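Since the structure comes first, as structure tokens, the remarks are kept for the end.
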Amino acid sequence: MNCRTEIICLLLAVVWAAVNLSAASLAELPVGSVIACEGSYGDHIQGMATDGEAIYWSFASTLVKTDLNGKVLKSVPVPYHCGDPCWADGALYVPYGGGSWNREIGDAESRNFIRVYNAELELTGEHHVPEVVYGAGCIEFRSGKFYVGGGLPDGKGENYIYEYDAKFRFVKRHVIPVSSHLGVQTIKYAAGSFWLGCYGKPNFCIRTDEQFRIRERYDYATTVGVIPLGGTADRVKLLVAWHIFDPQAKGNRARAVVLEVTDGVFRKK
């Protein structure tokens, strides 16, 4: 990172840290609203989830719970590497990728798990997902099923989403015919579609139907966190996270902005 970029990032951190939304609910936030997660952390933001009363931020080796304004309520260190979480049935489900990331390995070497936390960020359970052989990195819950994405070797030419039932019994692997760098980073369900954040040049977002057939592709980064805020199929409201390195704190911060997706464009106003 060059000096000019560091100065810009620091100025953005100062401005965004001053934002106080006093939101009663995330869905009520107007487009363009920004939430700043309090504090700085050793790893960059990997994903977000909400139970409607708090926001849970995953920083790869730290889980952070904040109120709806970004004020920290609790944070806990966790084993590296935790990814994009989801909230389902009163619990926070957090994917953990262990072993060899983004490489061709066999199932026996897979050390990929979904760890379960309560609202106080206390570990209450764990599920092995050996089918996700390249690294478990994101999870979503929809209609009684869990959907897990994650790492991928470069050059595959396709991406995978792994479907499990409510007890984490493997159902099937969905193949998405699009190439990305290091797989699917985030996954959320909103307004009748799955939204997948992927690394690339530039980073991009894929919108699919419930069978993971591609509906649309956006050259917009949703790779470090998304929370659905409602809407219709042609006007979707999302809270999208951004990562920022704070050179003064020598740590990583996270901000999230409310966007509206209409006519194939992510809009801030």
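For the numbers below, each heavy atom of this structure counts, side chains included, while hydrogens, waters and symmetry mates do not. Source: prediction; values computed, not measured.
- Grouping the Ile, Leu, Val, Met, Phe, Trp and Tyr side chains by contacts below 4.5 angstrom, directly or via other members, places Val132 apart from Val171.
- A donor-acceptor distance shorter than 3.5 angstrom exists from the side chain of Lys74 to the backbone of Glu120, with no hydrogens or angles considered.
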>> Does Asp89 form a side-chain contact (heavy atoms from CB on, under 4.5 Å) with Phe141? I'd like the steps, not just the answer.
In response: CA-CA 9 Å; Asp89 294 333; Phe141 183 76; 4.0 Å; yes

> Hey, mind stepping through Tyr41 and Ser61 against side-chain contact (heavy atoms from CB on, under 4.5 Å) and telling me if it holds?
Replying inline: CA-CA 9 Å; Tyr41 304 90; Ser61 58; over 6 Å; no

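- Annotation: side chain of Asp51 is in contact with side chain of Tyr56 (closest heavy-atom distance under 4.5 Å).
- The existence of a salt bridge linking Arg235 and Glu260 is confirmed by a sub-4.0 Å separation between a basic side-chain nitrogen and an acidic carboxylate oxygen.
- Once rounded to the nearest 0.5 Å, the distance linking OG1 of Thr186 with OH of Tyr199 reads 9.0 Å.
- Residues Val224 and Ala241 share a closest heavy-atom pair of CG2-O, 3.3 Å.
- Note that CG of Asp43 is 10.0 Å distant from CZ of Phe59, once rounded to the nearest 0.5 Å.
- Across all their heavy atoms, Lys188 and Pro85 have their closest contact at NZ-O, 2.9 Å.
- In this structure, Thr50 and Glu53 approach most closely via the heavy-atom pair OG1-N, 4.4 Å.
- For the 3.5 Å distance criterion, the side chains of Thr66 and Trp57 qualify, holding a donor opposite an acceptor.
- In this structure, the side chain of Gln185 does not engage the main chain of Cys198 through any donor-acceptor pair within 3.5 Å.
- The pair Lys172-Glu163 does not meet the salt-bridge criterion, since no charged nitrogen lies less than 4.0 angstrom from a carboxylate oxygen.
- Side-chain N/O atoms of Thr124 and Asn118 include no donor and acceptor closer than 3.5 Å.
- Distance check, rounded to the nearest 0.5 Å: CG of Leu92 to NZ of Lys65 gives 10.0 Å.
- Residues Lys71 and Asp67 are not paired through a salt bridge, judged by the lack of any N-O separation under 4.0 Å between the basic side chain and the carboxylate.
- Annotation: side chain of Arg142 is in contact with side chain of Phe194 (closest heavy-atom distance under 4.5 Å).
- Using a distance-only test at 3.5 Å, with no hydrogens or angles considered, no donor-acceptor pair links the side chain of Asn112 to the main chain of Val129.
- Side chains of His243 and Asn252: a donor on one and an acceptor on the other come within 3.5 Å.
- With Trp195 as the fixed residue, the side chain to side chain contact (heavy atoms under 4.5 Å, CB included) test singles out one of Val240, Leu238, Thr222: Leu238.
- Using modelled atom types and a 3.5 Å distance limit, the side chains of Glu126 and Tyr96 yield no donor-acceptor pair.
- Heavy atoms only, all atoms of each residue included: Leu121 and Leu63 are closest at CD1-O, 3.7 Å.
- Linking ILVMFWY side-chain heavy atoms closer than 4.5 Å, directly or via other members, places Leu123 and Phe168 in two distinct hydrophobic clusters.
- No hydrogens or angles considered: nothing links the side chains of Tyr220 and Asn203 as a donor-acceptor pair under 3.5 Å.
- Considering all non-hydrogen atoms of both residues, Ser75 and Val64 come closest at CB-CG2, 4.0 Å.
- Val175 is listed as a side-chain neighbour of Tyr160, based on a closest heavy-atom distance under 4.5 Å.
- The only member of Arg215, Glu216, Glu210 that meets side-chain hydrogen bond (donor to acceptor under 3.5 Å, both in side chains) when paired with Ser193 is Arg215.
- Residues Ile214 and Val226 do not share a hydrophobic cluster, defined by chaining ILVMFWY side chains whose heavy atoms lie under 4.5 Å apart.
- In the hydrophobic clustering of this structure, Leu229 groups with Ile45; members are Ile, Leu, Val, Met, Phe, Trp, Tyr whose side-chain heavy atoms approach within less than 4.5 Å, directly or through other members.
- The line from CD of Gln46 to CG of Asp84 is 8.5 Å long, rounded to the nearest 0.5 Å.
- A donor-acceptor contact shorter than 3.5 Å is absent between the side chain of Ser58 and the backbone of Met48.
- Annotation: side chain of Ile161 is not in contact with side chain of Asn159 (no heavy-atom distance under 4.5 Å).
- No continuous path of hydrophobic side-chain contacts links Val236 to Leu196 [ILVMFWY only; heavy atoms under 4.5 Å].
- Of the residues listed (Tyr93, Tyr189, Phe170), the one engaging Phe146 in a ring-ring contact (aromatic ring centres under 6.0 Å, His included) is Tyr93, and it is the only one.
- The distance between the ring centers of Tyr218 and Phe204 does not fall below 6.0 angstrom.
- Side-chain contact of Tyr162 with Arg173: a donor-acceptor pair under 3.5 Å is absent, judged by distance alone.
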> Yes or no on side-chain contact (heavy atoms from CB on, under 4.5 Å) for Val258 and Lys237, after CA distance, side-chain angles and deciding distance?
Replying inline: CA-CA 7 Å; Val258 178; Lys237 197 174 176 183; 3.6 Å; yes

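- A distance-only check finds a donor-acceptor pair linking the side chain of Asp165 to the backbone of Lys167 [under 3.5 Å].
- Here the NE2-CD1 distance, from His128 to Ile114, works out to 10.5 Å after rounding to the nearest 0.5 Å.
- Side-chain atoms of Ser40 and Asp246 form no donor-acceptor pair, as typed in the model, at a separation below 3.5 Å.
- Taking 4.5 Å as the limit, every side-chain heavy atom of Glu158 sits out of range of all side-chain heavy atoms of Ile176.
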> Hey, mind stepping through Thr262 and Arg267 against side-chain contact (heavy atoms from CB on, under 4.5 Å) and telling me if it holds?
Replying inline: CA-CA 7 Å; Thr262 59; Arg267 305 180 188 275; 2.7 Å; yes

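- The shortest distance between side-chain heavy atoms of Leu68 and Ile35 does not fall below 4.5 Å.
- When all heavy atoms of Tyr134 and Arg103 are compared, the closest pair comes out as CD2-O, 3.1 Å.
- Here the straight-line distance linking atom CD1 of Ile139 with atom CZ of Arg115 works out to 13.0 Å at 0.5 Å rounding.
- Using the six-membered ring where Trp is involved, His174 and Tyr147 have ring planes that are tilted, between 30° and 60° apart.
- Side-chain contact between Ile244 and Arg253 is present, with heavy atoms from C-beta onward closer than 4.5 Å.
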